[in-house]
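Okay, structure first, notes after.
Convention: sequence-line order gives letters A, B, ...; per-chain numbering from 1.
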There are 2 protein chains.
Amino acid sequence: MNESKIIDVANRAKVSVATVSRVLNRSELVSEKTKKRVLEAIQEMNYTPNAMAKNLRSRKTMKIGVVVADIEVSYFAEIIKGIENMANSLDYNVIICDAQNKKQKELEYVSLLQNRTVDGMIFVTPEMTNKELIALVEDGYSVGVIGRNIDHEQIPCAFTDNVKIARDVVNHLIGQGHEKIAFLSGYADAIDSYERLEGYMKALRDAGMPFVPDLIDNGDFNEDGGYLSFMRLREKNDDFTAIFTANDEMALGVYKACKQLSIQVPQQLAIVGVDNIRLTKYIVPRLSTVDQPKYTMGALLTEKLIDQMNNNEFKDKRTFKVESKLLIRESSMFDRNPVKSNEASQ
Amino acid sequence: MNESKIIDVANRAKVSVATVSRVLNRSELVSEKTKKRVLEAIQEMNYTPNAMAKNLRSRKTMKIGVVVADIEVSYFAEIIKGIENMANSLDYNVIICDAQNKKQKELEYVSLLQNRTVDGMIFVTPEMTNKELIALVEDGYSVGVIGRNIDHEQIPCAFTDNVKIARDVVNHLIGQGHEKIAFLSGYADAIDSYERLEGYMKALRDAGMPFVPDLIDNGDFNEDGGYLSFMRLREKNDDFTAIFTANDEMALGVYKACKQLSIQVPQQLAIVGVDNIRLTKYIVPRLSTVDQPKYTMGALLTEKLIDQMNNNEFKDKRTFKVESKLLIRESSMFDRNPVKSNEASQ
DNA sequence: TTGAAAGCGCTAACAC
DNA sequence: GTGTTAGCGCTTTCAA
């Protein structure tokens, strides 16, 4: 165990602790000669600064927490990579908090912010409400959000245009000749669900198609929820020929149901999801979906949040609206002579 | 921001800081009446203890770090869940360190141990060598390992019997009538690779089958590596009818190659992987694999490590060898009249 | 350019 | 059962 402390290094180098601290943190204030002596002492003693003491004194931890709904879902994993790489490059460490889809856990993780274990926190979860997040910020904590846009001066946000995503998808399905298109929403109260529903309705309206409430149901953003929701949908109305699910996980549930019910995809039912999770390229038929630049959202938001925490504000933008891209694959492309799509391999 | 500190609470409750500290940490030492007053004060002031100060003074952080090779791979994600749930139940927090398959990053994360950001660290990565890990422990740090067995008194380990895994797989393939079975290894120097190779050879020997070096190649535990390795294998020797890949990711690479080369699975080539990652159930044909109780390994090891860090040693076992289970699915089961396997849905 | 010394907020002897 | 107080190891004024 490394038991040596700054005073030991100071003694060995025949300087004061202040000087050692300076070469560690603000070495430009120390003469070359002294610096060299101190560095040697550090080396010889294999000294490592105690982060706890340093954090306490400097009132910073150089850590940010990231609360995700479920670490296993690749949508989150990729965002985390973006966050982590950017944070590391700015000398911050990242604490990943896996809420395992439990709101209770998310709330517990908030205490890491409150007890100063982390300097700031990024939420990538639909569970925390805008109100709760705003309350945290008003309390003085640094918070960033990925996946939605919260209208608050001090909350950096990275997100995609959900309305546009939904419109793109529905327009694509209409273009394929579908006239009855179902929509499988996430949690009814999640902002994503709401915005995607809005885009769905707008696209229908633009095409002069009727809006049928029976063609809509709420899942809960995961596979089982998608399965159950699809089954409910069929009870209400079973003549739709296409379905748009608010995320890929729910689309997997629809695949499962289709298999059980011997429904051919895409011949009898076209399916399109959102997120472009890894699985979508491996299932058969491959799932059409919407790719969100997840890594980019994570990186941009992190850069902004850290900048804000340090009061630099050199990035004047608070929000980052990134472009999503519809990826048309076999699940929604019924064509006996399929052309090679330029997006087929993405 | 919560600016109140323990002295403020003490003043408000008309007690000393020591008493406040006691109700916070060892409340059995405080009278009911006093405790109630203190708790009220805490509530009223919305006080949260400063973790940095607490950590510094108590020389504990109540955090453990987990270094994984790649957070996106579901094999790691599930282990993390096991670690996290056990740790949380013992009042520890978990810092996940995603090495993104870079050894350099893993080394950087070791500094979190050295600077006391975490009390202990769990390595779930083939990259760190036994030697490096032992050096850390000899230096006085608390370290646990998942995925292999390091023969050192102070390193708790959770792992499966890799030799048995390989034997089970190869025996299954032999049982299916295969006589030329290829083996796609991971990194040549990873302990997993070595042990699985050993099991592969033993199974062949037991069956009186020849060992053909040309039927072996080294991938690197990921999809692309599996693809490339399979291609090399075919150059050397293309008459094998079955292939055992040291993990599922590499099997995915083989699937890709088979698709390109129009090789039918399992009719022309049977494939079996290891890990039972989520994807294996979604690809077509579903991949036969070996399930390791990942969640259990994470949980058991964490319990032991934390116990050891606190010098309780109430768990006398240092190593946890958990049972793996061969899951036979369509990728290795060529049968025109397939029976419903009891494991088919796992 | 360097050193002395005052804390950061908390825990845990030790005293009562 | 409760209070007093000395640090935990570090950074940062302030003075030299």
Side-chain angles (χ1 to χ4, degrees), chain A residues 1-39 41-42 45-63 91 111-119 310, chain B residues 1-39 41-42 45-63 91 111-112 114-117 119 310:
Chain A
M1 187 82 63
N2 191 340
E3 299 287 356
S4 61
K5 30 198 151 183
I6 201 168
I7 180 73
D8 301 319
V9 175
N11 289 154
R12 177 149 193 153
K14 307 274 186 235
V15 294
S16 69
V17 294
T19 299
V20 178
S21 176
R22 285 195 196 96
V23 344
L24 252 18
N25 303 297
R26 315 186 52 195
S27 71
E28 69 279 7
L29 299 182
V30 183
S31 76
E32 282 304 321
K33 203 170 142 236
T34 313
K35 194 191 302 182
K36 184 160 173 293
R37 261 213 333 279
V38 172
L39 256 11
I42 288 175
M45 312 183 70
N46 195 25
Y47 166 76
T48 327
N50 180 312
M52 298 183 284
K54 178 169 179 156
N55 293 344
L56 174 59
R57 178 59 223 226
S58 61
R59 295 163 162 282
K60 295 179 116 198
T61 65
M62 300 305 277
K63 289 187 224 325
D91 288 328
S111 70
L112 294 184
L113 244 193
Q114 294 170 328
N115 72 21
R116 325 306 311 178
T117 291
V118 298
D119 295 338
N310 295 323
Chain B
M1 184 84 60
N2 192 340
E3 299 287 356
S4 61
K5 29 198 151 182
I6 202 167
I7 180 74
D8 301 321
V9 175
N11 288 154
R12 177 152 195 149
K14 308 270 184 241
V15 295
S16 70
V17 292
T19 298
V20 178
S21 177
R22 284 194 196 98
V23 344
L24 251 19
N25 303 298
R26 314 187 51 195
S27 71
E28 69 280 7
L29 300 182
V30 183
S31 77
E32 281 305 321
K33 203 167 144 242
T34 313
K35 194 191 301 181
K36 184 159 171 295
R37 251 198 1 265
V38 173
L39 255 13
I42 288 176
M45 312 185 69
N46 196 24
Y47 165 76
T48 328
N50 179 313
M52 296 183 284
K54 178 170 177 153
N55 293 344
L56 175 58
R57 178 58 224 226
S58 60
R59 295 158 162 286
K60 295 179 115 197
T61 65
M62 300 305 278
K63 289 187 222 329
D91 288 327
S111 70
L112 293 185
Q114 294 169 329
N115 72 20
R116 325 308 310 178
T117 291
D119 295 338
N310 296 322

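Per the geometry, CD1 belonging to A/I7 stands 11 Å off C1' belonging to C/dG3, to the nearest Å. The distance from atom CG of A/N25 to atom P of C/dT1 is 17 Å, rounded to the nearest whole Å. Computed from coordinates, the B/M62 CE to C/dT11 C1' distance equals 14 Å when rounded to whole Å. Taking atom CD of A/E28 as the reference point, atom C1' of C/dT1 lies 13 Å away to the nearest angstrom.
Closest approach of B/N50 and A/R116 over heavy atoms only: ND2-CG, 4.0 Å. When all heavy atoms are compared, the tightest approach of A/L24 to A/Y47 is CD2-CE2, 3.8 Å. Taking every heavy atom of both residues into account, B/A41 and B/A13 meet most closely at CB-CB, 3.9 Å. A pairwise comparison of heavy atoms in B/R59 and A/M52 identifies CA-CE, 4.4 Å as the closest pair.
Residue B/N55 is classed as having no contact, given no heavy-atom separation below 4.0 Å to the nucleic acid. A/S21 comes within 4.0 angstrom of a base, heavy atoms only.
Read 5' to 3', the first and last nucleotides of DNA chain D with an atom closer than 4.0 Å to a heavy atom of chain B are D/dG1 to D/dG9.
Formation of a donor-acceptor pair under 3.5 Å by the A/N11 side chain with backbone atoms of A/D8 is not found in this model.
No side-chain donor-acceptor contact under 3.5 Å links A/K54 and B/N115. Defined by atom type and a distance below 3.5 Å, a donor-acceptor pair is missing between the side-chain atoms of A/N55 and A/T61.
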Contact state string [nucleotides 4-9 of chain C, B base, S sugar-phosphate only, - no protein heavy atom under 4.0 Å]: BBBBBB
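Residues B/V38 and B/V30 form no side-chain contact, since every pair of their non-hydrogen atoms from C-beta on lies 4.5 Å or further apart.
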